Amino acid sequence: MQNFYSYYIFCFQLGCAIGFLIPPMIVRPGSQSDIKPQLYTLFIGNGIITSVITVLIAIFFKNEPPTAPSRAEASKLDQASVKANFLKSLKALLVNKHYVLLVLSYGI
């Protein structure tokens, strides 16, 4: 786990450094008419890169790990497999006098 955090911190610092280096290389000082297309290039490039990364994450990132990360999570998943009835839970909330008062007081 310690290797993960060191990798995370390194990537975070690298991303900050790139964020400080790349934009001044693309957007040079000048008049507003000179800066406008440079900013457009910067923003379009940023949008393309983040869109590609988002699509790759949506395609390749798994919804959940193949096994539970701990015994506590495994037992929690076993209990969650028995789904509670939504309407039964909603009815329990609506007949709870304290909950109804709380909802009304925040609604006012």
Side-chain angles (χ1 to χ4, degrees):
M1 198 65 157
Q2 188 175 9
N3 289 337
F4 171 75
Y5 289 121
S6 61
Y7 177 72
Y8 169 76
I9 290 172
F10 172 75
C11 289
F12 179 75
Q13 295 295 329
L14 183 66
C16 288
I18 290 171
F20 279 107
L21 290 175
I22 300 289
M25 291 178 183
I26 296 174
V27 180
R28 300 283 181 186
S31 66
Q32 186 175 4
S33 61
D34 293 337
I35 293 176
K36 189 174 182 179
Q38 295 171 357
L39 282 175
Y40 182 78
T41 303
L42 178 70
F43 293 144
I44 291 296
N46 188 14
I48 290 171
I49 290 170
T50 54
S51 297
V52 167
I53 291 172
T54 302
V55 168
L56 290 174
I57 288 173
I59 292 171
F60 294 110
F61 195 78
K62 296 188 186 320
N63 193 16
E64 57 187 36
T67 59
S70 67
R71 279 188 257 153
E73 186 69 24
S75 67
K76 185 177 171 184
L77 291 173
D78 289 340
Q79 292 173 359
S81 64
V82 179
K83 295 189 178 198
N85 187 357
F86 176 73
L87 293 176
K88 185 177 177 182
S89 300
L90 188 62
K91 182 182 175 190
L93 279 176
L94 293 177
V95 296
N96 186 340
K97 180 178 108 178
H98 299 293
Y99 176 77
V100 172
L101 288 174
L102 185 67
V103 168
L104 289 176
S105 67
Y106 277 108
I108 294 176

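Since the model is a prediction, treat every value here as computed from it, not as a measurement. The first residue in the sequence is number 1, and the count goes up from there.
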Engineer: Under 4.5 Å between any side-chain heavy atoms of Leu42 and Gln38, yes or no?
Structural biologist: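 No, their side chains stay 4.5 Å or more apart.
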Engineer: Tell me, please, which residues at least two apart from Ser33 pass side chain to side chain donor-acceptor pair (under 3.5 Å).
Structural biologist: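 Residues passing side chain to side chain donor-acceptor pair (under 3.5 Å) with Ser33: Ser31.
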Engineer: Working to the nearest 0.5 Å, report the span between CD1 of Ile59 and OG1 of Thr54.
Structural biologist: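 Interatomic distance, Ile59 CD1 to Thr54 OG1, rounded to 0.5 Å: 11.0 Å.
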Engineer: Treat each ILVMFWY residue as a node, draw an edge where side-chain heavy atoms are under 4.5 Å apart, and state whether Leu56 and Ile53 are in one component.
Structural biologist: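 Looking at the clustering, Ile53 is in a separate group from Leu56.
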Engineer: Show every donor-acceptor pair shorter than 3.5 Å between a side-chain atom in residues 43-50 and any protein atom, with sequence neighbours excluded, or say none if there are none.
Structural biologist:
from	atom 1	to	atom 2	distance (Å)
Thr50	OG1	Asn46	O	2.9
Thr50	OG1	Gly47	O	3.2

Engineer: From Tyr99 OH over to Leu94 CG, what is the distance, rounded to the nearest 0.5 angstrom?
Structural biologist: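 The CG atom of Leu94 is 7.0 Å from OH of Tyr99, to the nearest 0.5 Å.
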Engineer: Under 3.5 Å, side-chain donor or acceptor atoms of residues 8-29 against the rest of the protein: list the pairs with distances, not counting sequence neighbours.
Structural biologist:
none

